[in-house]
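Residue indices begin at 1 and follow the sequence shown.
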Amino acid sequence: ERDKINARGGIHGRPVELIILDGRRDAKQTIANVRSALETPHLLAMVGLTSSTRGKAVFSALGKEIGASGVPFISHISVSDIFQSHSNVYSTRPSQEAERVPAMAAFLAELGVGSVGFLGRSNAAYIDAIGDGLKESSIAGRLVADHRVPLESDDRRAPLDDAALDRAIADLKEKKAELLVLAVGTNPLFLCVFMCSAMILPTLKTLRKLSSVVLLCRSLSSNVRWIF
């Protein structure tokens, strides 16, 4: 695409140079890359950042510089609170807080579910946005349990911590959540919402070994109703 643009004379008569910086899914490297981009002479625009968690780290470290630059920044961040104060930053994704959570809450209310539980992976900005958003949504009064389970290590591919998951499952069973909003991720990350009862909650333990939503669906009992 760059070659096509330059073949037509570039932008305002100037050729366009495309610089690709790989953050390697590392927050420190991503921050360094954005800093390097901001220091690039004649910077026209920045495009990138698909992770809200790394995006949060970037804007915490370089938010003032990004805003002061005035350079258009087209991201793929799903948590709009991270960048909403910056008029030059945009996202190609819908907002968890402003769009997805209200739609989820309206749908769950329409189902007539009396009690809702939330089980999410901790230290993930987009998951926190969902969990926190539900607590402030129209179904906040139906939320009977909220658990953010850590991974066993800092490796994002690591399984959920056994002890923390056991405690979360026990509490969900005790609270008798009729519906569970599950946002824990595997590889790749996923979000699924399903109807459940206390009888099938122990099968959440299988999340440690899953690599796809399909396998999770098959692992649960046949009376589970899935809603995507």
Side-chain angles (χ1 to χ4, degrees), residues 1-104 120-130 132-133 151 153-158 183-192 210-214 228:
E1 192 63 32
R2 175 200 59 191
D3 294 339
K4 291 180 181 178
I5 293 173
N6 289 338
R8 295 194 297 265
I11 297 178
H12 295 302
R14 297 182 180 181
V16 175
E17 179 183 0
L18 178 64
I19 301 174
I20 299 176
L21 302 171
D22 186 359
R24 301 181 182 278
R25 295 185 176 181
D26 179 79
K28 292 182 179 180
Q29 183 61 56
T30 303
I31 292 171
N33 288 350
V34 174
R35 181 178 287 111
S36 175
L38 289 170
E39 294 172 351
T40 302
H42 311 298
L43 180 64
L44 181 64
M46 294 188 292
V47 179
L49 273 183
T50 61
S51 164
S52 293
T53 300
R54 290 192 294 279
K56 183 177 181 179
V58 166
F59 279 88
S60 293
L62 300 173
K64 291 182 179 180
E65 291 86 342
I66 292 171
S69 72
V71 172
F73 189 170
I74 302 174
S75 75
H76 198 55
I77 298 173
S78 65
V79 181
S80 55
D81 282 350
I82 293 174
F83 61 86
Q84 65 179 1
S85 63
H86 297 76
S87 61
N88 59 319
V89 182
Y90 312 90
S91 179
T92 58
R93 300 178 72 179
S95 166
Q96 300 285 16
E97 318 94 293
E99 298 175 74
R100 288 180 172 170
V101 169
M104 289 170 61
R121 177 168 56 84
S122 63
N123 299 319
Y126 85 94
I127 291 176
D128 284 339
I130 296 170
D132 295 345
L151 300 179
S153 70
D154 292 334
D155 186 344
R156 66 184 297 275
R157 296 168 296 182
V184 294
T186 55
N187 190 13
L189 297 177
F190 70 91
L191 169 66
C192 55
L210 297 179
S211 60
S212 71
V213 179
V214 173
F228 292 96

Quiz prompt | F73-H86 aromatic ring centre distance below 6.0 Å | solution = no

Practice problem: Answer yes or no: is there a donor N or O on one side and an acceptor on the other, between the side chain of S78 and the main chain of Q96, under 3.5 Å? | Solution: no

Self-check item: Minimal non-hydrogen separation, R93 against H76, with atom names
Solution: CD-O, 2.7 Å

Exercise. With sequence neighbours excluded, tell me which residues meet side-chain hydrogen bond (donor to acceptor under 3.5 Å, both in side chains) with S69.
Key: none

Exercise. Under the salt bridge (charged side-chain N to carboxylate O under 4.0 Å, His left out) rule, collect the residues that match up with D128, sequence neighbours excluded.
Key: R148

Self-check item: Validation row: S80, E97 side chains within 4.5 angstrom (heavy atoms)
Solution: yes

Exercise. Examine distances only and state if a side-chain atom of N6 and a backbone atom of P15 form a donor-acceptor pair shorter than 3.5 Å.
Key: no

Self-check item: L18 side chain near V16 side chain, heavy-atom distance below 4.5 Å
Solution: no

Quiz item: Are the side chain of T53 and the backbone N or O of A125 linked by a donor-acceptor pair below 3.5 Å?
Solution: yes

Exercise. Please answer whether the main-chain N or O of A32 pairs with a side-chain N or O of S36 as donor and acceptor at a distance below 3.5 Å.
Key: no

Quiz prompt | E65 atom CD, neighbour heavy-atom count above 12 within 6.0 Å | solution = yes

Quiz prompt | Expected output: side-chain S75 to main-chain Y90 donor-acceptor under 3.5 Å | solution = yes

Self-check item: Pair I77-V89, side-chain contact (heavy atoms from CB on, under 4.5 Å): steps then yes or no
Solution: CA-CA 10 Å; I77 298 173; V89 182; 5.9 Å; no

Quiz prompt | Close side-chain approach of L62 and I31, heavy atoms under 4.5 Å | solution = yes

